[in-house]
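Step one of this worksheet: look at the structure below.
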2 protein chains.
Amino acid sequence: MVRVVEPLDSSENRVSRAAAQRLSQYLRAADSVASGDGLVSSVELADAVGVSAAQVRRDLASVGHLGQRGVGYDVASLTAAIRRTLGVDRRWRAVLVGVGNLARALVKYRGFSAHGFDLVGLYDTAPRIVGTTIGELRVEPMSQLAESLKRNRAELGILTVPAEAAQATAEALVAAGVRGLMNFAPVRLRVPDHVAVVAVDLAIQLQQLAYLVHFSDESPDVDRTRLNT
Amino acid sequence: MVRVVEPLDSSENRVSRAAAQRLSQYLRAADSVASGDGLVSSVELADAVGVSAAQVRRDLASVGHLGQRGVGYDVASLTAAIRRTLGVDRRWRAVLVGVGNLARALVKYRGFSAHGFDLVGLYDTAPRIVGTTIGELRVEPMSQLAESLKRNRAELGILTVPAEAAQATAEALVAAGVRGLMNFAPVRLRVPDHVAVVAVDLAIQLQQLAYLVHFSDESPDVDRTRLNT
DNA sequence: CGTTGTGAACTCATTCACAGCT
DNA sequence: AGCTGTGAATGAGTTCACAACG
């Protein structure tokens, strides 16, 4: 298991958003699918994730040449390469704004830190909520955001505020230097180009589900069993 | 259950998953964007949602011819048509299995019923949880699922169980007659073709965010500001 | 052999650009 | 004049199929 040279992997490779999602899925699947010898084939990954084997090979080839023809992919180096490509070969610091029910669930979500994300700050405007403690964190007032965010050097923001407050909150976070937002509010955020947004919109997902079911009625051939978004 | 006449809208139109998501977004945008006279143009919708105007026209044309050339789209009939296409021109009944923190947040989520989805049952296996009341619902034991689900005629299932339990739970729901699943557990569910699955996978979304930020560094041209997906 | 990596073909989605209505 | 609907052009993403290689 000679992590060979793999030196200056010059080509930090950009892939499409959809491809990045598939990479995440391969990452998760690789561990559990690995046959005893620490190897996986494109076929195994393919049906763990629900895509074609050709798709898997194409995706993995784009990440770097890490398969052995006739053999398969070494799980350890494969996952390392995917992590590097996705930018999850490090930890990320995030703050969360809007401490409602959803926020409380997120704070307690273990997978969060298990995947390399550390929640380092909670903020809210409501006086009843500010000062309370959730998990290990004390909720701070929004007024402290800028200063506090400087201190804890978070680069990501999680928005669990009501729709009406979302845009303003996003702007505050961006002004405070955040570079990416995960938005749970049902609105489209307008942010500068250098800020990334991932939206998790439950209402839209519900409608999507209704749509799929609605049609699996009328004609039994809509595809099923895929991820999100 | 005679889905009424529905005059001659012969073409119950099937669209791609991505297109369906955009339709949801137009639906949401239409209300707020409507100029006083109850009309919207493709351009207005386009920049409310963040897609091109041509895209909007293409999408809306596929739903039915409901624009007036030279005028725009009538918000009322537009939203009605989109709702019909998405299958959200009716209410849907859903049960939820796995009453943890996330479930509690979902139960209290108002948008749920506001969008036409009624939560009609909660189930869990843990004796400490069974029998407690959340919102207006009493948590029932999994053992009752089949019978209880028959009674309350739910057609959708929401999975907020731990990853290990997800597949088995999905199977129980499917066996009990559910036709669509919203899966919050970080695993791919294997279900029969006639059952639709929408996955909401936070870990993958987080990695997506990391990826986008990671690269907005290295080259400032990755697209941002889109939904999910 | 078995399995990857990849040109070439193909399919699906998006944009262009303009004819067609109002 | 303004804005939609849509053929045609383009582009992105996926699958085919096979050469390359351990």
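The chains referred to below are lettered A, B, ... by the order of the sequence lines, with proteins before strands, and numbering in each begins at 1. The shown structure was predicted, so the numbers you read here are calculated from the model rather than taken from an experiment. Note that these values count all heavy atoms, side chains included, but never hydrogens, waters or copies made by symmetry.
- Considering only residues two or more places apart in sequence or on other chains, Thr79(B) meets the side chain to side chain contact (heavy atoms under 4.5 Å, CB included) condition with Leu27(B), Ala30(B), Asp31(B), Val75(B), Arg83(B).
- Summarising the geometry, the separation between CD on Gln55(B) and P on dG5(D) is reported as 14 Å, rounded to the nearest angstrom.
- The nearest whole Å value for the distance from the CD atom in Gln21(B) to the P atom in dA13(C) is 13 Å.
- No side-chain donor-acceptor contact under 3.5 Å links Asp59(B) and Ser62(B).
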Heteroatom pairs (N/O) under 3.5 angstrom, protein to nucleotides 18-22 of chain D:
residue : atom : partner  : partner atom : Å
dA20(D) : N3   : Arg69(A) : NH1          : 3.0

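- Note: CG (Asp37(A)) to P (dT3(C)) measures 11 Å, nearest angstrom.
- Within the structure, the side-chain hydrogen bond (donor to acceptor under 3.5 Å, both in side chains) test picks out the following pairs touching residues 108-121 of chain A (sequence neighbours left out): Arg91(A)-Asp118(A).
- Evaluation of the side chain to side chain contact (heavy atoms under 4.5 Å, CB included) rule for Leu149(A) yields Val95(A), Leu145(A), Asn152(A), Ala154(A), Leu173(A), Ala176(A), Val178(A) as partners, not counting sequence neighbours.
- dG5(C) atom C1' lies 11 Å from atom CG of Leu66(A), rounded to whole Å.
- Ser16(B) has a side-chain polar atom (N or O) that falls below the 4.0 Å cut-off from OP1 or OP2 of dA13(C).
- Taking both residues in full, the closest heavy atoms of Arg188(A) and Ala48(B) are given as NE-O, 3.1 Å, listed atom of the first, atom of the second, then distance.
- Atom CG of Leu78(B) is separated from atom P of dC3(D) by 16 Å (rounded to the nearest Å).
- Phe117(A) does not carry Arg93(A) over the face of its six-membered ring by the limits of under 6.0 Å from the centre and within 45° of the normal.
- Here salt bridge (charged side-chain N to carboxylate O under 4.0 Å, His left out) pairs that include residues 170-186 of chain B, with residues two or more places apart or in two chains, are Asp217(A)-Arg179(B).
- Here His65(B) reaches the OP1 or OP2 of dT6(D): one of its side-chain N or O atoms lies under 4.0 Å away.
- Taking a 4.0 Å limit (strictly below) on heavy-atom distances, residues 38-46 of chain A reaches DNA chain C at Ser41(A), Ser42(A).
- Val213(A) places a side-chain heavy atom less than 4.5 Å from the side chain of Trp92(B).
- Rounded to whole angstrom, the span from the CG atom of Leu60(A) across to the P atom of dT3(C) amounts to 15 Å.
- Taking only side-chain nitrogens and oxygens, Tyr73(B) comes nearer than 4.0 Å to OP1 or OP2 of dG5(D).
- For Arg153(A), the CZ atom is loosely surrounded, since the number of other residues' heavy atoms within 6.0 Å does not exceed 12.
- The distance from atom CG of Asp47(B) to atom C1' of dC3(D) is 15 Å, rounded to the nearest whole Å.
- The CZ atom of Arg22(A) sits 8 Å away from the C1' atom of dG13(D) (whole-angstrom rounding).
- For Arg58(A), no side-chain nitrogen or oxygen approaches OP1 or OP2 of dA17(D) to under 4.0 Å.
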